[in-house]
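For reference, the structure is listed below as C-alpha cells.
Note that the numbering runs from 1 along the sequence shown for the chain.
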Amino acid sequence: MRLIATFLVAWLVVNLASCSASKEPDGAALEAAAAARIQTIPAAKPEMYRNMRDMRAWRNPYLIVRKDGIGMLDVGNNEQRLLKPEELLPALAQLPSSAWPYGRVVAVTENGVGAPGDDVQIRRNRALVAGTLESMHVLINWVPSA
C-alpha cells in the first residue's frame, strides 16, 4: 500500500512539473497532490496516544476550530497559524513526516471562548474540518475545549 502511495505521489509530481512555467496548476491538481502526500503517512497508532491525559504532550498536528477559521497549533513554540478551511489540507500535507509520530491522526478542539452567535460559524468550520479529515482517512482525536 505504501508503495502505491509513493508511486502516486511521484506520478503527481511529474505531472505537475510537466506543466508549462507560465501556467499555474489548478486547485484540483494541488489538492490531489496534498491528498496523496497525506496518504503516505502511516495509519494512526492509537496505542501511542490513547491514555494521554495532558494534551501538552501531543506531538501530531493540533487544530483549533475557531469562528474565523482553523488554528493549526505549532507545538514547538505554542503559536497558532490561522487557516481558511480550504487551506487545511495543503497545510497538513506540507508538514514533515516527523510531525506525525502517532500516524495519521489529528487532535481537534473548539475555541472555548466566543461571543454570542459565534457558535454557528464554529459549527460550520467544525463540519468542514471533520469532512476534510475524514475524506483523507485522517483519524480525529476530539479534545474537549478548556
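Atom CG of residue Asp119 and atom CG of residue Asn111 lie 12.5 Å apart, to the nearest 0.5 angstrom. Taken to the nearest 0.5 Å, the CD atom of Gln94 stands 10.0 Å off from the CD1 atom of Ile38. Note that the CE atom of Met72 and the CG atom of Leu95 stand 4.5 Å from one another [nearest 0.5 Å]. Distance check: Asp68 CG to Leu82 CG gives 5.0 Å after rounding to the nearest 0.5 Å. Note: Leu63 CG to Glu110 CD = 12.5 Å, rounded to the nearest 0.5 Å. Separation of atoms CG (Leu128) and CD1 (Ile70) is listed at 7.0 Å; rounding is to 0.5 Å.
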Would Leu89 and Glu31 count as a side-chain contact (heavy atoms from CB on, under 4.5 Å) if you check the C-alpha gap in whole Å, the side-chain angles of each, and the deciding distance to 0.1 Å?
CA-CA 7 Å; Leu89 183 60; Glu31 187 171 321; 3.5 Å; yes
If you apply the rule side-chain contact (heavy atoms from CB on, under 4.5 Å), what do you find for Val120 with Arg124, and how did you get there?
CA-CA 6 Å; Val120 172; Arg124 178 186 171 275; 5.8 Å; no
Could you please spell out the steps behind the side-chain contact (heavy atoms from CB on, under 4.5 Å) verdict for Trp58 and Val105?
CA-CA 11 Å; Trp58 184 262; Val105 59; 4.1 Å; yes
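A pairwise comparison of heavy atoms in Gly103 and Ile41 identifies C-CG2, 3.9 Å as the closest pair. The two atoms that bring Ala57 and Tyr102 nearest to each other are O-OH, 3.3 Å, heavy atoms only. Here the closest heavy-atom approach between residue Arg59 and residue Pro101 is recorded as CB-CG, 3.6 Å.
The backbone N or O of Pro90 lies less than 3.5 Å from no partner atom in the side chain of Arg37, so there is not a single donor-acceptor pair. Distance alone, capped at 3.5 Å, is enough to place a donor-acceptor pair between the Asn125 side chain and the Arg66 backbone.
Remark: Glu87 CD is packed, more than 12 non-hydrogen atoms of other residues, nucleotides or ligands lying under 6.0 Å away. When the shell of 6.0 Å around NZ of Lys67 is examined, it contains 12 or fewer heavy atoms from other residues, nucleotides or ligands.
Contact of the Arg126 side chain with the Val108 side chain is not registered, since no non-hydrogen atoms from C-beta on lie closer than 4.5 Å. The side-chain heavy atoms of Trp100 and Pro61, taken from C-beta on, include a pair separated by under 4.5 Å.
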Compile the donor-acceptor pairs under 3.5 Å between side chains in residues 133-144 and protein atoms, sequence neighbours left out, one pair per line.
{"from": "Ser135", "atom 1": "OG", "to": "Gly131", "atom 2": "O", "distance (Å)": "3.3"}
{"from": "Ser135", "atom 1": "OG", "to": "Thr132", "atom 2": "O", "distance (Å)": "2.8"}

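Put simply, Val129 and Leu92 are part of the same group of oily side chains (I, L, V, M, F, W, Y) that touch within less than 4.5 Å, one to the next. Linking ILVMFWY residues whenever their side-chain heavy atoms come closer than 4.5 Å, directly or via other members, leaves Ile64 and Val106 in distinct clusters. Connection of Tyr49 to Met55 is established within a shared hydrophobic cluster, with ILVMFWY side chains joined at heavy-atom distances below 4.5 Å, either directly or through further cluster members.
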